[in-house]
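The block underneath contains the structure these notes are about, expressed in structure tokens.
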Amino acid sequence: MFIDSHCHLDFPDLAENLPRILANMVANQVSHALCVSVDLPDFPKVRALAEAHSNLFASVGVHPDYQDTPEPTVAELVKLADHPRVVAIGETGLDYFRLKGDLEWQRERFRTHIRAAREAGKPLIIHTREAAADTLRIMREEGAAEAGGVMHCFTESWEVAEQAMEMGLYISFSGIVTFKKALALKEVAKQVPLERMLIETDSPYLAPAPFRGKTNEPAWVKHVAEEIAHLRELSVEEIGKTTSINYFKLFSHASE
Ligand code: NI
């Protein structure tokens, strides 16, 4: 009934406990999860998870926070994306919170990913932090709308959500929406049309409210759905069902 559209199951805290993590997904009706790549050296581990488990898929990309790592080329990303279990390009984007100084390399890396996504015909997974204006500008300049994608772990304003949706992107909410103080984000979660919404954990980070501070895992995406259901006065079943349909629409190379 639920799908975790963004997690990092190859990270040690989760990889070491994989059988338990997968069993917890089943117990919580979390049918699928997307394992998101953060750099090229670790990508084989992400791909291996998707090859070994029919309900896991993979993305390929280099995260904007990873500074000292091999820089991908468009051709390299397109080649790695040419695999039946790799359904998206990312995560990519801009992060002016974690890193400071001249971040032109980050913007160039983001452009590389958008070009690769267009060429590969696979959607983008976009991370943006304190860089919304530049993120949207580069998306427009590079024609990100043609590839489509998702603004993952969304924490920006309604105006940013609107502009991303105008380019055809989806908005994905993480456990942050369950935090008591995230009042502005709760308002955005009330407004985003259901047919443009995804849910995720970004595990092992950002455990939702009842487990805050613990190691997050895909099973807990259920709590994100429960919070959104509560905010919108809808059933959790409806949130689970709609976001699952959206997942397979966006990641059209993923099959049930
Ligand atoms: Ni992530």
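Both counts, for ligands and for their atoms, begin at 1 and track the order of listing.
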Could I get the full list of side-chain hydrogen bond (donor to acceptor under 3.5 Å, both in side chains) partners for Tyr66, not counting sequence neighbours? none

Short side-chain donor-acceptor distance under 3.5 Å, His113 and Glu142: no

Taken by chain and residue number, the protein N/O/S atoms under 2.8 Å from the Ni ion (ligand 1) read His6 NE2, His8 NE2, Glu91 OE2, Asp202 OD1

What residues, two or more places apart in sequence or in another chain, satisfy salt bridge (Lys or Arg N to Asp or Glu O under 4.0 Å) together with Glu16? none

Under 3.5 Å, is there a donor-acceptor pair between the Asn55 and His32 side chains? no

Run the ring-ring contact (aromatic ring centres under 6.0 Å, His included) test against Tyr170 and tell me which residues pass, sequence neighbours left out. none

Do you know which two heavy atoms are closest between Glu200 and Cys153, and how far apart they sit? OE1-N, 2.7 Å

